[in-house]
Each structure stands twice: as structure tokens, then as C-alpha cells.
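Hydrogens, waters and symmetry mates are skipped; everything else that's a heavy atom, side chains included, is used. What you are looking at is a predicted structure, and each value in this text was computed from that prediction instead of being measured. Naming convention: chains lettered A, B, ... in sequence-line order (proteins, then strands); numbering from 1 in each chain.
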There are 2 protein chains.
Amino acid sequence: MKQFSKPIYSEEVARLIMKRIRNGNLKPGDVIREALLAEECGISRAPVREALHYLESEGLLMSHQKRGKCVTILTPDVIRYNYELSALLESETAAQVAESITEDDQKKFLSIIEKMRAAIAAGKQYDEHAELGSEFHKAILDLSDNPLLRALATRFSRVISKFLLYQHWRTIYTPQELLDRHMRIYEALCSRDRERIRRVIREHYAESVERLAGFCENGEKKTDRRRAHFPKE
Amino acid sequence: MKQFSKPIYSEEVARLIMKRIRNGNLKPGDVIREALLAEECGISRAPVREALHYLESEGLLMSHQKRGKCVTILTPDVIRYNYELSALLESETAAQVAESITEDDQKKFLSIIEKMRAAIAAGKQYDEHAELGSEFHKAILDLSDNPLLRALATRFSRVISKFLLYQHWRTIYTPQELLDRHMRIYEALCSRDRERIRRVIREHYAESVERLAGFCENGEKKTDRRRAHFPKE
DNA sequence: ATTATTTAAGTTGTATACATAATTAATTAA
DNA sequence: TTAATTAATTATGTATACAACTTAAATAAT
């Protein structure tokens, strides 16, 4: 019988860092020291480096040449860039399959909406609402048959909502507002009206980026000395 | 005075591999051996590994766990995934800035068109036509003020046109056809008609993917055992 | 006291060596 | 002769060691 392979350390480390970012244990701007991480995990620097490179390619870390890496600092511009792409991918996915949305699809969306409603009634924490919001958007993306698109969209949503801005999410929407916004999208999806779907989803993202922008333009220095780590051409 | 830093080997290696893929020196399916590459370059495996990881994240290489990496094999599906995203990003970029396309922008596009015409008149090689085609599409993307979008679109176009399918490009369009297609896009851009621009660009991509599909469905095995190298969640 | 130069500490980039997993070749059994 | 099992080779994953660069701290000079 074939045994399970030994886990790849670099993947473990990548997961660990993502968890820490999500938890808020690692915050934007925090520097990552390879040696320290390696020691913490009881492994060498080699797999740690690979994990960091991966996380950088995913946009969660940024690097200065020979000066190490830190958790990505989200300037208002970077937030906008990510949101524009999220909005584009999600709205277009939904618009393209608009006519072929099934009853089952609608039920899936509705069940998430109902969970939101229930969470409000039960006075649940914001965390849960945010989680349900992500679930809703993921359900939309799952309508696409393009795995490359789904992977990309996941990446952007990770950068913005679930990870780097996790701590801000709870402050820009009340649970009721969050429910309203997703209700509107749900209704649009049920209408199967391509243009309406596109418009509603984009409006939602535009509103989010507008509300988020306020949180980031205060403390941080504008000088984005981020440098691409690899050749462009 | 500050001297230029010593070049980062991993970046050099990444450039080298990209060049070889572009030249056709490395073809889809060719396996990459770290040790061999390191020896060729006269360096150790460490920077080579980093370069390979980068190229994998860019979609140019694919890896099997513990079985190394090879140049990405483009199945018809993968081609479609990439083209859909290229079409989406490019058409949406153009559509969003439709009303604000300046005379200067139009001149830039026209100059490329004219170069194409001249290349035909001079009986130039297909390579040059393909190059001008890329230039045209890049000019469209440069209308976007979203660098993240531009970087992504560059990545997709790299995977498809300039690199992995370079050898096929010359066979799916005659120079005259290529000129016609870009002429149509140019006219749409000049009209500043958002919907028309969107439609024309998408039609161009749809036609390309259709014509390309034929080339890839013959020889290659369908079993895409590609594996994501890092955790999804 | 302030600025400039130098020196030292610390971190990343690279090299080498070893361990582990997988493919290929070889050997043995049916 | 063929199939299956085992040995050997090969390539990746990881560990350790060293070199180069960056940052800062400390000393010297104005």
C-alpha cells in the first residue's frame, strides 16, 4: 500500500503565514525574517524561502531587493486595483452565465442569504457575516467553468477581504447593510438580466472600495517602494 | 559613488528560460532539470529553483510533485481559459476608457496598423506581424490605469501568444487577415462606442481561440496531471 | 553639537552536501 | 518470454555553511 507522502514543508509554512495574516497576528507592514520563521518551525531556511516567494506571487507579501519581505501594505490605490479586478471577474462571470442560472443555483444563493438573516437575528459577530459574504461571492465565481478565472478571483478576494483587510471589514458595513447588498445581488441573479447583474455587482464593489479607502489613507506613507522581484520582459 | 549591484542570478535564469521558450528552443512538455541548468549557467541550484518557481507562478512551467517541472502543455481547454481572461481584461479596459480615447491614442494605434500594412507590402516574415499584433494589444492595455490589470494581461498574452504558441501563430492568420482584424478593432476604438469596442475585441479573441484549438487537440495526451504547488486555502 | 566616515551586526542571496522520493534498469520467478 | 519485484540511478526537497549587501551604530572630524 502506498503511504501518504511526507508533507512538503514549504506548503506548511505558506499555510502558517496565511493563517497568521488572517488572524491579524501578522499585520500589513510587518517584516518577515526567514531565519526566525525557520527556527520557529524547526526547519531550515530553504523551504521557508520558497513559501515566501509563493506568498509574494500571490500578493500577500511584498519585497524590497535584498531587504527582505513584509506583509503587503494596502494603499488606497492597491485596494482599488484589486477591487476593480474582483468586480470585473465576478460581474463578468455572473453576466456570462446569466441565462443559464438554475433553480438550484438560486437556492444555494438564497440559503446563504438566509444564513445572514439568521446570524443577524441571533446577534452573531461580524466575523460570521464577513464569512458568509465571502461564501456568497465564491458561489458566484463557482458558476464559471474557467478554473484560471476562479483561481485569480480567489487570489484577489484573499488579498482584500479575508486577509489583509479583515480587521476593517467589520467597520464598513453593518450586518444589515451587508445583507441588503447581497440581497440586491441575489435578486439580480434571479432576474437573469445580464446587464442588471453586471451593474449590481459592480456597484457593490464600488461602494466597498469607497468605504474602505477612508481607512487606509491616514497613517501610512505613500511611498510605495515595492519592487517587482522578477523581470517584466 | 554607488556601483550597480551584482545581478541576481535567479532573475537571469528566469530571463534565459523565457527567451528559450520564446525562441522555440524549449517546447511545451520539455522537462527542466535544475542541476543541468545550474551547470549550464555555472551557478548552484538554489537560484535556479527560485527562477523555476517564479516561472511556474507565471504559468509558463507546470510541475508534478517531486517529479520536476516542464514547459506548460497547452491543451485546448487551457488555451480557452487564457484567452477568455485576455479577452475579458482587454475588452473591458478598452470599454471603460472608450469615451476618453484621445487623438494621440488613435494615432498610436494607427501607426501600428500602418506598420502592419508596410510589413505586408515589404513581404516581411510572419514573426514581424505577430510582434506588431502584440504591440497593438499592449497599446490597448496601456490605456488602463490599473497596473495590476496590465501585469495580469501581460502574463496571459505571454503564455499564449508570444511564448508557448509562438510557432502556431503564423499558421492561423495570414498577414492580411491579421491586419483586417486589428483594423476592425482600431475603427471600433475610434468610434468610442463602448459596446462595439467590447464586442469587436471579444470576437477577435473568440476567433483566435477557435482557430488555435485545432492545433492542440491532436498529438497530446489529455491527462493533465498538473498539480498546484501550493495550498489553495 | 552635528555631520560624515567607518565599523560591526544582521539579513538575504548563493553554494555545497545530504536525504528522500520516483523513475529506470536489472534480476528473478512464473 | 513475460510479468513482477527489487536494486540502482537520478532528480527534487531540505539542511548547513558561506558570501555579499544593507542597515545601524559607533567613532572621528568639522
Sugar-phosphate, base or nothing in reach of A:Leu52, heavy atoms under 4.0 Å: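 Nothing, no heavy atom under 4.0 Å.
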Sugar-phosphate, base or nothing in reach of A:Arg33, heavy atoms under 4.0 Å: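 Sugar-phosphate contact only - A:Arg33 comes under 4.0 Å of backbone atoms but never of a base.
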All side chain to side chain contact (heavy atoms under 4.5 Å, CB included) counterparts of [X], not counting sequence neighbours:
X        : answer
A:Ser86  : A:Phe156, A:Ile160, A:Tyr205
B:Ser100 : B:Val97
A:Glu177 : A:Tyr173, A:Thr174, A:Arg181, A:Arg211
A:Pro175 : A:Ile120, A:Tyr126, A:His129

Distance-only polar pair, side chains of B:Arg202 and B:Ser91, donor-acceptor under 3.5 Å: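 Yes, side-chain donor-acceptor contact under 3.5 Å.
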Residues within residues 34-46 of chain A bordering DNA chain C, heavy-atom distance below 4.0 Å: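 Hits under 4.0 Å, by residue number: A:Glu34, A:Arg45.
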Take atom [atom1] of [X] and atom [atom2] of [N], then tell me their distance rounded to the nearest Å.
X       : N      : atom1 : atom2 : answer
B:Arg49 : D:dA15 : CZ    : P     : 12 Å
A:Glu11 : D:dT14 : CD    : C1'   : 14 Å
A:Glu56 : C:dT12 : CD    : P     : 12 Å
B:Glu50 : D:dT12 : CD    : C1'   : 15 Å

For A:Phe136, all residues meeting ring-ring contact (aromatic ring centres under 6.0 Å, His included), sequence neighbours excluded: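 Checked A:Phe136 against ring-ring contact (aromatic ring centres under 6.0 Å, His included); matches are A:Phe109, A:His182.
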Qualifying residues under salt bridge (Lys or Arg N to Asp or Glu O under 4.0 Å), relative to B:Asp30, sequence neighbours excluded: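 Result, salt bridge (Lys or Arg N to Asp or Glu O under 4.0 Å) vs B:Asp30: none returned.
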Salt bridge (Lys or Arg N to Asp or Glu O under 4.0 Å) involving A:Lys108 - partner list, sequence neighbours excluded: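 Partners of A:Lys108 under the salt bridge (Lys or Arg N to Asp or Glu O under 4.0 Å) test: none.
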Nearest-nucleotide pick for A:Ile8, side chain only, options being C:dA15, C:dT12, D:dG13: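 Closest nucleotide among those given: D:dG13.
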Dot-bracket encoding of pairs in DNA chain D, which uses [ ] for pseudoknotted crossings and | for another strand, Watson-Crick or G-U under 3.5 angstrom: ||||||||||||||||||||||||||||||
